[in-house]
Amino acid sequence: MEEKKTWMLACALFLQLLCSVSGLDRSQFPSSFLFGTSTSSYQEDIELMHHLGVNSYRFSISWSRILPRGRFGKVNSVGIAFYNRLIDALLLQGIQPFVTLNHNDVPQYLEDRYGAWLNPQIQKDFGHYADVCFKAFGRKVKYWITFNEPNNVVEKGFISGVYPPQHCSKPFGDCLSGDSNIEPYNAAHNIILAHAAAVETYKKEYQAKQGGSIGIVISTRWFEPLRDIPADRFAVQRALAFDIAWFLDPVIFGEYPPEMRQVLGLRLPSFSSEDGRKLQHKLDFIGINHYTSKYMQDCIFSPCEEGSIESTAFVISTGERNGIPIGTPTSIPDNFVFPDGMEKMIMYIMQRYNNIPMFITENGYAQGSTSNDPTADMLNDEGRVEYLHSYLTSLTRAMRQGADVRGYFIWSLLDNFEWLFGYTQRFGLYHVNFETQERTPKLSAKWFKE
């Protein structure tokens, strides 16, 4: 009886909310536009996707599951079989696989053998891994992503040290090893060239016969100047270069952004002529993970606190101006609802990179969660519906200005384990009871389907 009351309440709220967020539907997007979800899931969850009406699903392949010892060991046939079953099940429901080759994980064997991303050897290992995947799955996969959020991986793994391999140095963090002034740039350099190795292999050996495309996904935040002064406006451009162009400029233009070179000088590695040759094989699309925006302040002419990731660019961000948040705060610290940031981020990337095709590969809204929260409260996720509606509306504004955006993926299909937040933050369209693993559609699932 209680479940029936909860569902009736959800339906009533949905009808009320639908009226308040009307004016947006899938007819406003091209017929070829990909609407998808992202997360880790079991094969039975494919039926949930089918019910939602999505035509694409973004997931990642675990490198360690395919090549536990990298190129120094054999391919794990059991891992290959697992992903083939998943891909086949998706295609059977008319859902396109959108596959990420690397989502943070590296075989521990490579970390132990030579230091993983800090050693140029990993370029060869990643190229080998990519080749194995193209060969095993490429006939059925038409969308490939080399790396998910390499900027996040490097900033949090080698500057602040909060992500594996937990390398950092003071004042950025207190790790057992690492040098926050040198290692991030070496690790990034190897990731960029590993990306180039995978793209070169795909372009030369597979693309013509398999008919797919390949790109990279960047974590993005939009920034507004804290003060209406030239220094803060320049700080915004510098922050965007250190956050986004750090990886996109090399893979598209073959060189690091001048904004970084001016600040870092020789700390930023150089590309050899052979590196330049590899980087000539261009990606087919840019993936944009976007959730929030902040204000940005200059730290060249104004004193700022040392030790933040942003201080490497002589900038510092804040979510407030004169005590007023840039947007409605969410349950994740420093994440605010600022829909205009979606449009502005897309236009920045469009203009800087000559309107290379784009996909919004992640966008979503977090609900804080404890074990004591009533399920009914989690199911009635009005905040998520309003967030998704406002960000999709912002996306359509960018598309009307000519931005070549070809798909949109919600993070996430299901509530799941959210990195450092664990199970305390829920992003899913479907509520998951973590004890029983039961999936229940939230209000947002009904809205997204409509």
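Treat the numbers as computed from the prediction; the structure is a model and nothing was measured. When reading the values below, keep in mind they use all heavy atoms of this one structure, side chains included, and skip hydrogens, waters and symmetry mates.
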Would you check, one step at a time, whether the test ring-ring contact (aromatic ring centres under 6.0 Å, His included) holds for His189 with Phe271? CA-CA 9 Å; His189 199 70; Phe271 293 107; 4.6 Å; yes

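- Ring-centre distance between Phe29 and Tyr408: not below the 6.0 Å cut-off.
- Ring orientation note: the planes of Phe98 and Phe359 are nearly perpendicular, at an angle over 60° on the 30°/60° scale.
- Of the charged side-chain nitrogens involved, none lies within less than 4.0 Å of a carboxylate oxygen, so that Asp105 and Arg65 do not count as a salt-bridged pair.
- Side-chain rings of His195 and Trp144 stay apart, their centers remaining 6.0 Å or farther from each other.
- Electrostatic pairing of Glu255 and Arg261 counts as a salt bridge here, judged by a charged N lying under 4.0 Å from a carboxylate O.
- Salt bridge Arg69/Asp112: absent, no basic N to carboxylate O contact under 4.0 Å.
- Rounding to the nearest 0.5 Å places OH of Tyr291 at 5.5 Å from CZ of Phe427.
- Taking the six-membered ring for Trp and the full ring otherwise, the centers of Phe59 and Phe409 sit at least 6.0 Å from each other.
- At a threshold of 4.0 Å, the pair Arg233-Asp228 counts as salt-bridged, since one of the basic side-chain nitrogens sits closer than that to a carboxylate oxygen.
- With salt bridges taken as basic N to acidic carboxylate O contacts below 4.0 Å, one links Glu274 and Arg277.
- In this structure, Lys294 and Ser317 approach most closely via the heavy-atom pair NZ-OG, 3.1 Å.
- Going from atom CH2 of Trp63 over to atom CG of Asn104 covers 12.5 Å, rounded to the nearest 0.5 Å.
- Partner of Asn289 under the side-chain hydrogen bond (donor to acceptor under 3.5 Å, both in side chains) criterion, out of Asn363, Thr361, Asn152: Thr361 alone.
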